[in-house]
A.B. asks: 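Supplied in C-alpha cells, the structure appears directly below.
Atom set for the values below is all heavy atoms of this structure, side chains included, hydrogens, waters and symmetry mates excluded. First the proteins, then the strands, lettered A, B, ... as listed; each starts at 1.
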There are 4 protein chains.
Amino acid sequence: MIKKPFLVINPKNYFNQKELYEMASIADKLAEEYNVTLILTGPFTELYNLKKKTKNILIASQHVDSVPEGTGMGKVSPKALKEIGVDVIVMNHAENRLYFSDIIAVVKECNDLNIDTVVCCDSILEAKALALLDPTVILCEPTELIGTGQTSDLSYVKETNKLIRSISPNILVEQAAGVKNYEDVYKIIKAGSDGTGATSAFVNAEDREALLREMIEAMIDAVKED
Amino acid sequence: MIKKPFLVINPKNYFNQKELYEMASIADKLAEEYNVTLILTGPFTELYNLKKKTKNILIASQHVDSVPEGTGMGKVSPKALKEIGVDVIVMNHAENRLYFSDIIAVVKECNDLNIDTVVCCDSILEAKALALLDPTVILCEPTELIGTGQTSDLSYVKETNKLIRSISPNILVEQAAGVKNYEDVYKIIKAGSDGTGATSAFVNAEDREALLREMIEAMIDAVKED
Amino acid sequence: MIKKPFLVINPKNYFNQKELYEMASIADKLAEEYNVTLILTGPFTELYNLKKKTKNILIASQHVDSVPEGTGMGKVSPKALKEIGVDVIVMNHAENRLYFSDIIAVVKECNDLNIDTVVCCDSILEAKALALLDPTVILCEPTELIGTGQTSDLSYVKETNKLIRSISPNILVEQAAGVKNYEDVYKIIKAGSDGTGATSAFVNAEDREALLREMIEAMIDAVKED
Amino acid sequence: MIKKPFLVINPKNYFNQKELYEMASIADKLAEEYNVTLILTGPFTELYNLKKKTKNILIASQHVDSVPEGTGMGKVSPKALKEIGVDVIVMNHAENRLYFSDIIAVVKECNDLNIDTVVCCDSILEAKALALLDPTVILCEPTELIGTGQTSDLSYVKETNKLIRSISPNILVEQAAGVKNYEDVYKIIKAGSDGTGATSAFVNAEDREALLREMIEAMIDAVKED
C-alpha cells in the first residue's frame with residue numbers, strides 16, 4: 001500500500017533497459033536508507049524484472065487497459081499486472097487517456113485485486129469525478145504545464161488538495177507538474193500534497209542518485225516541520 | 001528468424017499465467033520433438049518470462065506502439081521489446097489496430113533491430129499495401145470470419161497467397177481465421193500458406209498438447225507431400 | 001430548452017435523407033398537435049436542413065468534438081453547431097465516446113452558448129460523475145442492453161432517476177434502452193424518468209407516424225396520472 | 001471532377017460562419033473570373049450551405065467515417081455527404097487519421113458514388129500504398145512541416161510526384177505543406193504537382209481575396225510556361 005509522503009519516479013520511455021535497472025537500484029537503496037515510499041514506473045515489458053530486482057520500492061505500471069472477457073489482443077489487464085506482482089497502476093495519463101467508463105471498470109478491478117491506483121487528471125472537475133471511484137491516489141497535472149518545467153501554481157495545488165480531501169479523506173493527492181528539484185518537492189508537499197513525482201528532471205539529471213536524494217530530503221523536511 | 005512452415009499459438013488474454021506457462025512448456029517440448037517453427041504470443045507483461053522459460057520456440061508480442069522520442073507514457077516500442085529478447089512482433093490485429101503511418105515506422109524499426117514482424121490485415125488490398133513495407137509475415141484474416149470457427153474460404157486463401165508472393169516472394173503468408181484442427185491446418189498449408197495459427201481452438205481444447213501435436217502433424221504432412 | 005416530458009427520435013445513420021426529412025415532418029406535425037417536446041437527432045450534414053424544415057421540435061446533433069483553437073481538421077465544435085441553430089447536442093454515446101476531460105470542456109462550452117446537452121453513460125457511477133458537470137440531460141443506457149429490444153430493468157431506472165435527482169434536482173434524466181412501444185414509454189416515464197427515446201423501433205416501424213403517436217400518448221398518459 | 005491545376009482552401013475550424021461564407025463568395029467569384037479549379041473545405045455542418053451558395057467551385061468535406069450498416073451514432077458516411085451534394089472528400093489528415101482498412105472502404109464507396117477523394121499522407125511509402133486504392137488525389141504533407149510555414153523541400157515534392165505518377169498516371173498529386181504566397185504555389189506546381197493548397201495563409205491573410213488571386217495567378221503562370 002502507498003504510504004504518504006511518496007515520490008514517483010516516472011521515466012516514461014526515456015530510459016533504456018540499463019538506465020532503468022540502474023534507477024531501480026538507486027531507488028531501492030535510498031528507499032531503505034531513508035525509509036520512505038518510492039514508486040518507480042516502467043513499461044509493461046520491464047515490470048517483472050523491476051519487481052525481481054527491488055525490495056524496498058513499489059513498482060508501477062504506466063498504463064492499463066479495460067479488457068473485456070479475455071479478448072483484447074495485446075491489451076494489458078489489471079489481472080495480468082497482478083500476476084507479475086505489480087504494486088501500483090498509473091492510468092489516464094495525458095499521453096494515454098482512458099474513457100471514464102473504462103477507468104470505472106479498471107479501478108474497481110484493482111480495488112478487488114488489492115492493487116494501488118494512481119489516476120491522472122487535468123482539472124479540478126475531473127478530480128472530483130475521479131474521487132467518486134475511490135482510487136488510491138489522484139494525480140493532478142494541469143495538461144498545459146506538463147513538461148514545461150513550470151511547477152503548478154501553489155494556489156491550484158492547495159485548492160485541489162483541499163477539494164479532494166473534502167470529498168474523500170482517504171484518497172491521496174499527488175501533484176507533479178514540472179517538479180525538478182528540492183524546492184519544488186518541498187513546496188508541493190508543504191502545500192498539503194501527499195506525494196509528488198517527476199519525469200524530465202530524472203531524464204536530464206547528470207547525477208540521478210543525487211537528484212533523488214535531494215528530492216527525498218525535501219519530502220522529509222516538508223513533512224517533519226508540520 | 002521465422003522459417004516456414006510455422007504455427008502461431010495466440011492465446012490473446014484468455015490464459016492466466018499458469019496456463020500460459022504450461023502452454024509455453026508444451027510448445028517448447030513439441031518444437032524440439034518435431035523440429036518445427038512454433039510461435040507463442042503473450043501479453044507484454046509475460047514476454048520476458050516466456051523467453052526465459054523456452055529454448056525451441058519463438059516468443060511474440062501481441063502488439064507494439066509507435067513511440068515518438070521517449071514520450072508515450074505506457075506505450076511499448078520495438079526497442080523495449082528487443083531489450084527483453086522478443087523474437088517476433090504481431091501488430092495491427094483487428095482488436096488493436098495501428099494507423100498505416102505507424103505501421104511504416106514500426107516495421108522499419110523492427111527490420112533495423114532484426115525483429116520479425118507479423119502484420120495483420122483484413123483484405124487483399126490491405127495485404128498489397130503492407131507488402132510494400134517488407135514485413136516478415138503478412139497475416140490475412142478476413143475480419144468477418146475471426147472467431148466464428150469458420151475457416152477462410154480456400155479460394156481466398158490461394159488468391160491471397162499468390163498475390164502477396166507476386167509482389168514480394170520473400171514475405172511469408174499466414175492464414176489463420178477459424179483454424180481448429182488437423183484438417184484446417186492441412187488445408188491452409190496445402191493451399192500454399194507458409195504458416196497458420198489459432199486462438200479459440202487452444203483456449204477451448206481439453207487437451208492442449210494433443211491439439212498442438214495434431215496441428216503440427218497436419219503442417220508437416222501438408223508440406224511433406226509437396 | 002428541453003422541457004419534460006420529452007421523447008428523442010434517434011435514427012443514427014439508418015435513415016436516408018428522404019426518410020429523415022419525412023420523420024422530421026411527422027415529428028413537427030405531432031409536436032404541435034400534442035404540444036409535447038420532441039427531439040430529432042441527425043448526422044452533422046443534415047442539421048441545418050432539419051432546422052429549416054421544422055418549427056415545433058428540437059434538432060439535436062448526434063456527437064460533438066472538443067476542438068482546440070481552430071485546428072481539428074474535420075472536427076465539429078459546439079460553436080459550429082450553434083452557428084447553424086442546433087438546439088441540443090447528444091454526446092458520449094457508446095458508439096462514439098469522448099474522454100471525460102473533453103466532456104467537461106464541451107458541456108461547459110454548450111452551457112455558455114445556451115445549447116442543451118444530453119450526455120450518455122452506461123453506469124450509475126458514471127451518471128454521478130457526469131452530474132458534476134451540470135448537463136441538461138443525463139441519458140442512462142446500460143451498454144449491454146442497447147439494441148437488444150430489452151427494456152432497462154425498472155429498478156435500475158428508478159434507482160438512477162432518484163440518484164441523479166439527489167445530486168442535482170435540475171438535471172433531467174432520460175432512460176432509453178430498448179424502448180419500442182406504448183408500454184415501454186409508459187413504464188419508463190411512470191418510473192420517474194423525464195424523457196425517453198428510441199432508435200430501432202423507428203427504423204423498423206412500418207408506420208412511423210403511428211409509432212410516434214403511440215409513444216407520445218404513452219408519455220402524456222404517464223405524466224397525466226401523476 | 002477535379003481538373004488540374006487545382007487549389008484547395010482549407011480553413012479547418014479557424015473561420016466562423018461569416019468568414020466561411022465570405023471566403024466561399026470570394027472563391028466562387030475568382031473561380032469564374034480565372035476559370036480554374038478551386039476547392040473549399042468546410043466542417044460537416046456547413047457543407048450544405050456552401051454548396052447552395054456557390055456555383056463555380058468544388059465543396060469538400062474535411063473528414064469522413066467508415067460507418068458500418070447504419071450504426072455509428074454521430075459518424076458521417078460518404079453516402080450522407082453525397083446526399084447533400086458534396087463534391088470532394090478530404091480524409092486521413094494528420095489531425096484526423098483513419099485506419100487503412102477504413103480508407104479502403106471509404107475510397108471504394110466514394111468511387112462508386114462518384115465523389116472525388118483527397119487522401120492525405122505523410123511519407124512516400126504511404127503515398128505508394130494509397131495509390132493502390134485509386135483515389136482522385138494524394139496529398140503529401142510531411143507531418144513535421146504542417147503549420148510551420150516552411151514549404152516542402154522541392155526535391156521531396158518532385159520525387160513524390162514522379163513516384164505516384166509511375167504507379168498510377170491517373171492519380172493527381174497535391175503538395176501543400178507551408179504554402180503561403182505566389183512563390184510557394186508557383187514552385188510547387190512548377191515541380192510537377194497537380195495542385196496545392198493552404199490553411200494558415202488564408203487564416204492569417206489581411207486581404208483573403210488578394211491572397212487567393214495571387215495564388216491563382218501563380219498556379220496559372222506555372223502551368224502556362226510548361
A.B. asks: Counting only non-hydrogen atoms closer than 4.5 Å, does N49(A) touch chain B with its backbone (N, CA, C, O), its side chain (CB onward), both, or neither?
C.D. replies: side chain
A.B. asks: If you measure from NZ on K52(B) to OH on Y48(A), what distance do you get to the nearest 0.5 Å?
C.D. replies: 10.5 Å
A.B. asks: To the nearest 0.5 angstrom, please state how far the CD1 atom of I84(A) sits from the CD atom of Q17(B).
C.D. replies: 8.0 Å
A.B. asks: Which distance, rounded to the nearest 0.5 Å, do you find between the CE of M73(B) and the CZ of R97(A)?
C.D. replies: 14.5 Å
A.B. asks: Can you confirm whether more than 12 heavy atoms, excluding those of K79(A), are under 6.0 Å from its NZ atom?
C.D. replies: yes
A.B. asks: Is chain A contacted by the side chain of N10(B), its backbone, both, or neither, given a heavy-atom distance below 4.5 Å?
C.D. replies: side chain
A.B. asks: Measure the CG-CG distance between N13(A) and D65(B) for me, rounded to the nearest 0.5 Å.
C.D. replies: 8.5 Å
A.B. asks: Select one option (side chain, backbone, both, neither) describing which atoms of V90(B) are under 4.5 Å from chain A's heavy atoms.
C.D. replies: side chain
A.B. asks: Is chain B contacted by the side chain of K75(A), its backbone, both, or neither, given a heavy-atom distance below 4.5 Å?
C.D. replies: both
A.B. asks: Hey, what do you get for NZ (K82(B)) to OG1 (T45(A)), rounding to the nearest 0.5 Å?
C.D. replies: 14.0 Å
A.B. asks: Please report the interatomic distance NE2(H63(A)) to CZ(F44(B)), rounded to the nearest 0.5 Å.
C.D. replies: 10.0 Å
A.B. asks: Among V64(B), N96(B), V203(B), which has the most heavy-atom pairs under 4.5 Å with chain A?
C.D. replies: N96(B)
A.B. asks: Just wondering, are more than 12 heavy atoms of other shown residues or ligands nearer than 6.0 Å to NZ in K51(A)?
C.D. replies: yes
A.B. asks: So which residue, G42(A), G72(A), P43(A), S77(A), ends up with the most heavy-atom pairs under 4.5 Å with chain B?
C.D. replies: G72(A)
